[in-house]
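Here is the structure we will look at, set down as structure tokens.
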Amino acid sequence: MAVLNTGLSDVHWLPGGARLVAEARAELPQKDGLAAAFTALVALRAADIAVPDQDEVAIAAGTVRAPASLPAGALSRNEFRLPIPLDETAAGTSAAGLAAAIRTLSEDRLAVVPAAGEWSASTVSDLLLGLWELPRVAVLARVDPAELGAPDTPERALLDYLDTGIPPLWTNRWRPPAPHHVLIAGVRLGAEGTLLSVVDTYRELGDEGVHDQPVEWVAAGLESVLLVADAGHAEALAQAVSYAGLRSGGAL
């Protein structure tokens, strides 16, 4: 289990988590309406699979864009190479479409297993615990940002949460009209609280796109999860889902 001392506390990266952070920061920000494609692109590149851009993933996933809803200070990025449809009423990327894009663009070198069920702090923690023995893994999460804490929550408040388990008072000011996609790359463990290292799609959210969230708030905001690993580890991903008491439905 890789450990990095960050000053706040030690962060235990999921296998390959530090590489995901590096790839995400190199690609920031997402293109307008392509948060799902951004996370999949990062997962693909972290697995040494060359993909030209977010557009390629979006087309493969069947993404339909919506008008941009940006965090404070973020700039629109709309230099699309490919014609990605724009339709506010039908906008989004399905989990099945995103999984298919990852498999197709990796030429089946990567397995994608969904996790679904009743999300709680314990099920999220158990799911992540089941992934530590893999060589590398990417956790793609679809979340409601309104349930998350502010990405710029003061360090002192996060430290207090780790010590006491009482979540900080700072709530997220960015509340887009539709769910958002992020990656979960690491865990910080305290005496009473657990923080998850969230890799976001805008530089303005957290420290160059990475921010810490109480596991309770991530669980409250979770809508769906895709687990991505090398193709030979599909069964291990499914076992991790089962261990957490969640449903996988098999590899997509």
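Index from 1, following the sequence. Hydrogens, waters and symmetry mates play no part in the numbers below; they use all other heavy atoms, side chains included.
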* If Ile, Leu, Val, Met, Phe, Trp and Tyr residues are connected whenever their side-chain heavy atoms lie under 4.5 Å apart, and connections chain through other members, are Leu34 and Leu226 in the same group? -> no
* Structure fact -> Distance col, row Glu118:CD vs Arg247:CZ, nearest 0.5 angstrom, shows 7.5 Å
* Asked: Is Glu192 close to Leu162 at the side-chain level, that is, under 4.5 Å between some pair of heavy atoms?
  -> no
* Asked: Roughly how far, to the nearest 0.5 Å, is the CG atom of Leu127 from the OH atom of Tyr243?
  -> 10.5 Å
* To do: For Glu79, look at atom CD and say whether over 12 heavy atoms of other residues, nucleotides or ligands are found less than 6.0 Å away.
  => yes
* Taking atom CZ of Arg173 as the centre, does the number of heavy atoms from other residues, nucleotides or ligands within less than 6.0 Å exceed 12? -> no
* Asked: How many angstroms lie between CG in Leu196 and CG in Leu148, if you round to the nearest 0.5 Å?
  -> 10.0 Å
* Indicate yes or no: at least one non-hydrogen side-chain atom of Thr104 is less than 4.5 angstrom from one of Ile102. => no
* With Tyr161, which of Ile166, Leu195, Asp212 fulfils side chain to side chain contact (heavy atoms under 4.5 Å, CB included)? -> Leu195
* Asked: Taking all non-hydrogen atoms of both residues, which atom of Ala37 and which atom of Leu98 are closest, and how far apart?
  -> N-CD1, 4.4 Å
* Asked: Hey, any chance Leu205 and Val143 share a hydrophobic cluster, counting ILVMFWY side chains that come within less than 4.5 Å of each other, even indirectly?
  -> no
* Indicate yes or no for a side-chain donor-acceptor contact from Thr39 to the backbone of Ala36 under 3.5 Å, with no hydrogens or angles considered. => yes
* Could you pull out the closest heavy-atom pair between Trp170 and Thr153, with the gap in Å? => CB-OG1, 3.6 Å
* Asked: Looking at CG of Asp53 and NZ of Lys31, how far apart are the two atoms once the value is rounded to the nearest 0.5 Å?
  -> 4.5 Å
* Asked: Going through the checks in order, is the side chain to side chain contact (heavy atoms under 4.5 Å, CB included) test met by Leu20 and Trp13?
  -> CA-CA 10 Å; Leu20 287 170; Trp13 295 117; over 6 Å; no
* Give a yes or no on whether a salt bridge exists between Asp48 and Arg109, defined as a side-chain N under 4.0 angstrom from a carboxylate O. => no
* Does the pair Arg188/Asp10 count as a salt bridge with the N-to-O cut at 4.0 Å? -> no
* Asked: Is there a side chain to side chain contact (heavy atoms under 4.5 Å, CB included) between Ile184 and Leu128 once you walk through the steps?
  -> CA-CA 9 Å; Ile184 299 172; Leu128 298 180; 4.2 Å; yes
* To do: Work out which heavy atom in Leu246 is nearest to a heavy atom in Ala116; give both atom names and the distance.
  => CB-O, 3.3 Å
* Asked: Under 4.5 Å between side-chain heavy atoms, hopping through other hydrophobics if needed: is there a path connecting Val139 to Trp217?
  -> no
* So, for Gly130 and Ala240, which heavy atoms are closest and what is the spacing to 0.1 Å? -> O-CB, 3.6 Å
* Leu140 and Leu183: side chain to side chain contact (heavy atoms under 4.5 Å, CB included), yes or no, with the steps? -> CA-CA 5 Å; Leu140 282 62; Leu183 294 132; 3.6 Å; yes
* Asked: So, the side chain of Asp55 versus the backbone of Leu82: is there a donor-acceptor pair under 3.5 Å, distance only?
  -> yes
* Structure fact -> Output for pair (Ser224 OG, His181 NE2), nearest 0.5 Å, gives 5.5 Å
* To do: Please round to the nearest 0.5 Å and tell me the distance separating atom OG of Ser248 and atom CG of Leu237.
  => 9.5 Å
* Does the distance from a Lys or Arg side-chain N to an Asp or Glu carboxylate O, for Glu223 and Arg142, drop under 4.0 Å? -> yes
* State, with a plain yes or no, whether a side-chain heavy atom of Leu131 is found less than 4.5 Å away from one of Leu227. => yes
* Asked: Donor-acceptor pair, Gln213 side chain versus Gly149 backbone, under 3.5 Å?
  -> yes
* **Minimum heavy-atom distance between Trp132 and Leu14, given as atom pair plus value** => CZ3-CA, 3.2 Å
* Asked: Does Pro29 offer a backbone N or O that forms a donor-acceptor pair with the side chain of Arg77 under 3.5 Å?
  -> yes
* To do: Examine distances only and state if a side-chain atom of Trp174 and a backbone atom of Ser69 form a donor-acceptor pair shorter than 3.5 Å.
  => yes
* Step-by-step side chain to side chain donor-acceptor pair (under 3.5 Å) determination, Asp200 to His180 -> CA-CA 9 Å; Asp200 222 311; His180 182 52; 2.7 Å; yes
* Asked: Are side-chain heavy atoms of Val241 and Val113 found at a separation under 4.5 Å?
  -> yes
* Spell out, yes or no, whether Val228 and Val57 are grouped together once hydrophobic residues are joined by side-chain heavy atoms under 4.5 Å, including indirect joins. => yes
* Worked check of salt bridge (charged side-chain N to carboxylate O under 4.0 Å, His left out) between Glu88 and Arg65 -> CA-CA 7 Å; Glu88 186 171 7; Arg65 296 189 295 116; over 6 Å; no
* **Backbone of Asp160 reached by a side-chain donor or acceptor of Thr164 within 3.5 Å** => yes
* Note, Asp144 side chain near Pro179 side chain (heavy atom, < 4.5 Å) -> no
* Side-chain donor or acceptor of Arg25 paired with backbone N/O of Glu208 under 3.5 Å -> yes
* According to a 4.5 Å side-chain heavy-atom criterion applied to Ile, Leu, Val, Met, Phe, Trp and Tyr, with indirect links allowed, do Leu105 and Ile59 form part of one hydrophobic cluster? -> no
* Asked: Can you check side chain to side chain contact (heavy atoms under 4.5 Å, CB included) on Tyr202 and Leu70, steps first, answer last?
  -> CA-CA 9 Å; Tyr202 292 101; Leu70 305 175; 3.4 Å; yes
* To do: Run the salt-bridge test on Arg103 and Asp108 with the 4.0 Å N-O cut-off and return the result as yes or no.
  => yes
* Is there a side-chain contact between Asn172 and Pro151 (heavy atoms, below 4.5 Å)? -> yes
* pair His233-Pro135: side-chain heavy atoms closer than 4.5 Å -> yes
* To do: Might you point out which heavy atoms bring Ile84 and Ala58 nearest each other, and give the distance in Å?
  => CD1-CB, 3.8 Å
* To do: Could you tell me whether the side chain of Trp119 reaches within less than 4.5 Å of the side chain of Val124, counting heavy atoms only?
  => yes
